[in-house]
Structure formats: C-alpha cells, structure tokens
Amino acid sequence: MSRRCDRRQFLGQSAALATAMTMVHTAGSVHADEPRDTLGVALVGTNNRGSQLAPAFASQPGVEIRYVCDPEDGALQKGLKAVATKQQKTPQTVRDFRRALDDKAVDAVVIATPDHWHAPAAILACAAGKHVYVEKPASHNGREGELLVAAARKHKRVVQLGTQRRSSDDIVKAIGRVHAGELGRVLLSRAWTAGLRQPIGHGKQVPVPSTLDYDLWQGPAVEQPYVDNLVHYNWHWFWNYGTGEVGNNSIHALDLCRWGLKVDYPHRVTSGGGRYHFDDDQQTPDTLISTFDFDGASITNEMRTWNRQPIEGSAFGAAFYGEKGTMVIGTAITLYDPKGKQLEQSPMRFSNNAHVQNFFQAIREGSPLNAEIAEGVKSTALCHLANIAYRTGRTINFDPAAARITGDEEAAGLWTREYRRGWEPKV
C-alpha cells in the first residue's frame, strides 16, 4: 500500500458520512456485530501511550493483539516488548496501520498516536469496519470530532475515548453523589493540572532518520521540515501536531467537571496565560487559566507545566463547589461541609484495565460504553475552545445547540485546520 492515502478513496469515505452528520450531537445506541471467539486488535502508536496500554489489551480474555503499528522502528520494538509481557504470540509489525485495517482478522483498533492522527485514523478504522479505542483528546480540532462521531454512527462501531477515570468505581460513586444532590446546587467546578515538564530546547533541521517514516508520521498535518526536537514526545507543544497540555492532561479533569455538572457545551469561554517559563520552541502555553460558562454554573481550569504545587491537596484533580458542601476528586475523594470542615475521605482508584474491559464488554454484549465517543468529543471541545480563546486573545462565544463559534471568523477558523493535500477528512 502506498504510504500516502489515496485522495479519492479518503474523500469517498468521508462523503459517506454526510447522511450521519445530523446524529453528531446525539449519543444514540451502538449495535456491534456478533463478535468472534477471539477478537483481533491492532495497536497503533506505541512509543509511549500505546505501550502503556498494551498489557491491558493483551491480558483481556479472548483478545489477541495481532498488529503493532508505528512509523518509527524503535517504537515498534517498544510495542512488541510491551505486548510480550502479557501475550505469548508475537504480533505482526507494520509501519503503516492501514495494512492492519485491510485484515479481516482485526476487529478493533487502539489509537495512541500523536493528536493530529487521532480522529483521521479512527474515521478510517470505522469505515473499515473496526471498533475503536482512541486516546484523548478525541481530535486535533473541533470539526474532526464531529466527523468521528458521524463515522461511529454511520458504521455502527463501538468507539471509546481513553478517559479511563470514567471506568473507576470510586469516581462513578462520587459523581453519583453529586448528581443525587448531596452538595446542593453546584455552581462552580474546578479542574487543575500541575506538572514539571522539561524544556525542549531549540531544534535544528536535520535529515530524517532512516528508522522513521516521517511522511507517514505527519499524515494529515501540514508538511513541515524535520527538526531534531520534535519526535517523539515534544510534538505535544506544536500546534501543527498537538493540543498542548490542555489537550494532553487537562481533558481528564475537565471531563470529570462536565460529567459532574451534567453539562454539554458552554456558551462563553475565556483564557488567560502564556509561555512564561520556558524559553524554547514550544508554541503552546505553559500557563493557562480558562473559564467555561454554562447556564447556571461555571467550570474553571488551571494548567501549569513548571510548578507542581498542589491545589486542594493534589497536583491533579477536579472539585465541585455546592451550596451544601464541596467534593474534591484528587489523589483521594474528599467531602467538606460549606465552612470547609472535612467530613470524610475515601480512596480514588482507576486503571487502564477497567476501561479496556468496558470497551470489550460493549463489543461482545452491547453494554454501554463508559466514555462513548459523543461524550468524549464534548469534553475534548472544551480543550479546543480554551486553546482558541488563548490563541485569539478574545472571549469565545459559542452556540451550544449548533456547537459552533459565533461572531468571530478567525476563531471559527481554528475549529478546523488546514490539511495536506490528499489527506483531508472533509465531508
């Protein structure tokens, strides 16, 4: 197969999604095909997150990882090593994941690539009849998220987002208490992420290593010269490929906030921050505070990548501030009265395994997904809107019913992106 996607083939697949576009913002039920005894899996993107997920997938009963896919040879070897911890049979290795999509023995695809590949790869997988577990964020931009939901509906595929806290029994019970009204009316929910990233320096344009298919790695992204501080992890901090720390980690906390408040899309978003700490090639902010206004409540998100001082006792978390009390979901789940007195504290546990198990239960039994893609796209949209507000330096007005930015042509333009010719996932 050619490394570059055939344009007419890709656009033909995208055009087939048009009739499903009216279903983008409805959850709907997903009906899987009758599964075979052993489900075959292709693992796509294995330098970091894919290799972390490999043991959870390889250890599921009746599941076999049949392909490890990555455009870089070292990542392929990392993926094989990770699979071998739980599976005796060695998977095939391919640089181009589309070869795995051609194999009828593959039932599901795990996508743990850089952000710019998440939705395009998932859309292709759905069109090929594969179920999809896609890592967060669901998309590189808002428009891709809409197409991904449409693809899942059109092809009746099970598509789970990798927001694994949704499968934590401890968190499910905690959110249930919020929904039951134990905190009274919750007027504010707060998300935060505090970390200690390292600088990435100033890259130099160098020849592409022979171990990397850089053309395939770039895929749908606008083609740019290869620099020596991009691959592997640093792509997160470049707008052409990543969504910054907001899309990388804040999405987990924002997803909890949105879940607890029972809200979908905000009507107004503001962001303030910048690149204050790092003097390097990063384009995305190292400090950002964003506010999302809904009818009757707000969500705030604080992100910093250079100082790990905890908020509410944890470097990562989500809190719900209600008229009758406060709940903090951090390293533990803590309940406070309205005056700030701690009333109780319980463990907060989550795992990749529980989320992966839920994915296969949905495929085999038709049971509900804990992070069905329509919900994941809504949480991902908060990240995109926070970034757009930062990049434009303006308040973003959003129509929740239409899921569209209003009154700002420049901001609306950032709801989508420019693609390399031949890779456009357009309807």
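Just so it is clear, the values below take in all heavy atoms, side chains as well, and ignore hydrogens, waters and symmetry mates.
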Original post:
Residues in ring-ring contact (aromatic ring centres under 6.0 Å, His included) with Tyr67, at least two apart?
Top reply: none
Original post:
Which residues satisfy the ring-ring contact (aromatic ring centres under 6.0 Å, His included) test with Tyr133, sequence neighbours excluded?
Top reply: Phe57, His355, Phe359
Subject >> Any residue meeting side-chain contact (heavy atoms from CB on, under 4.5 Å) with Ala318, in chain and number order, not counting sequence neighbours >> reply: Leu256, Cys257
Original post:
How close do Ala174 and Ile329 get, heavy atom to heavy atom, and via which atoms?
Top reply: CB-CD1, 4.3 Å
**OP:** Quick one: list whatever passes side-chain contact (heavy atoms from CB on, under 4.5 Å) with Pro114, sequence neighbours left out.
**Re:** His116, Trp217, Trp235
Subject >> Any donor-acceptor N/O pair, Ser51 side chain to Asn48 backbone, under 3.5 Å >> reply: no
Original post:
Only one of Leu385, Ile396, Asn141 clears side-chain contact (heavy atoms from CB on, under 4.5 Å) with Trp415; which?
Top reply: Leu385
**OP:** With sequence neighbours excluded, tell me which residues meet ring-ring contact (aromatic ring centres under 6.0 Å, His included) with Tyr233.
**Re:** His236
Subject >> Closest heavy-atom pair and its distance - Gln309, Ala194 >> reply: O-CB, 3.9 Å
**OP:** Give a yes-or-no answer on whether the side chains of Asn352 and Gln52 include a donor-acceptor pair shorter than 3.5 Å.
**Re:** no
Original post:
Taking all non-hydrogen atoms of both residues, which atom of Arg95 and which atom of Leu212 are closest, and how far apart?
Top reply: NH2-N, 3.7 Å
**OP:** Grab the two heavy atoms, one from Leu216 and one from Trp423, that are nearest each other, plus how far apart they are.
**Re:** CD1-CH2, 4.4 Å
Subject >> Contact list for residues 298-354, test ring pair (Phe, Tyr, Trp, His ring centres under 6.0 Å), sequence neighbours left out >> reply: His277-Trp306
Original post:
Looking at Asn301 and Ser250, what are the two nearest heavy atoms and their distance?
Top reply: ND2-OG, 3.4 Å
Original post:
With a 3.5 Å cut-off and no angle check, do the side chains of Thr211 and Asp73 form a donor-acceptor pair?
Top reply: no
**OP:** Test the Arg99-Phe97 pair against the cation-pi criterion, namely NZ or CZ under 6.0 angstrom from the six-membered ring centroid and within 45° of the ring axis.
**Re:** no
Original post:
Is a side-chain N or O of Gln357 found less than 3.5 angstrom from the main chain of Asn353, in a donor-acceptor match?
Top reply: no
Original post:
Is the closest side-chain donor-acceptor distance between His252 and Ser379 under 3.5 Å?
Top reply: no
**OP:** Determine, step by step, whether Arg258 and Glu375 satisfy the side-chain contact (heavy atoms from CB on, under 4.5 Å) criterion, reporting the C-alpha distance in whole Å, the side-chain angles of both residues, the deciding distance to 0.1 Å, and the verdict.
**Re:** CA-CA 10 Å; Arg258 199 182 61 78; Glu375 286 299 300; 3.0 Å; yes
Original post:
Taking all non-hydrogen atoms of both residues, which atom of Thr243 and which atom of Asn248 are closest, and how far apart?
Top reply: OG1-N, 4.1 Å
Original post:
Donor-acceptor pair, Asp337 side chain versus Lys341 backbone, under 3.5 Å?
Top reply: yes
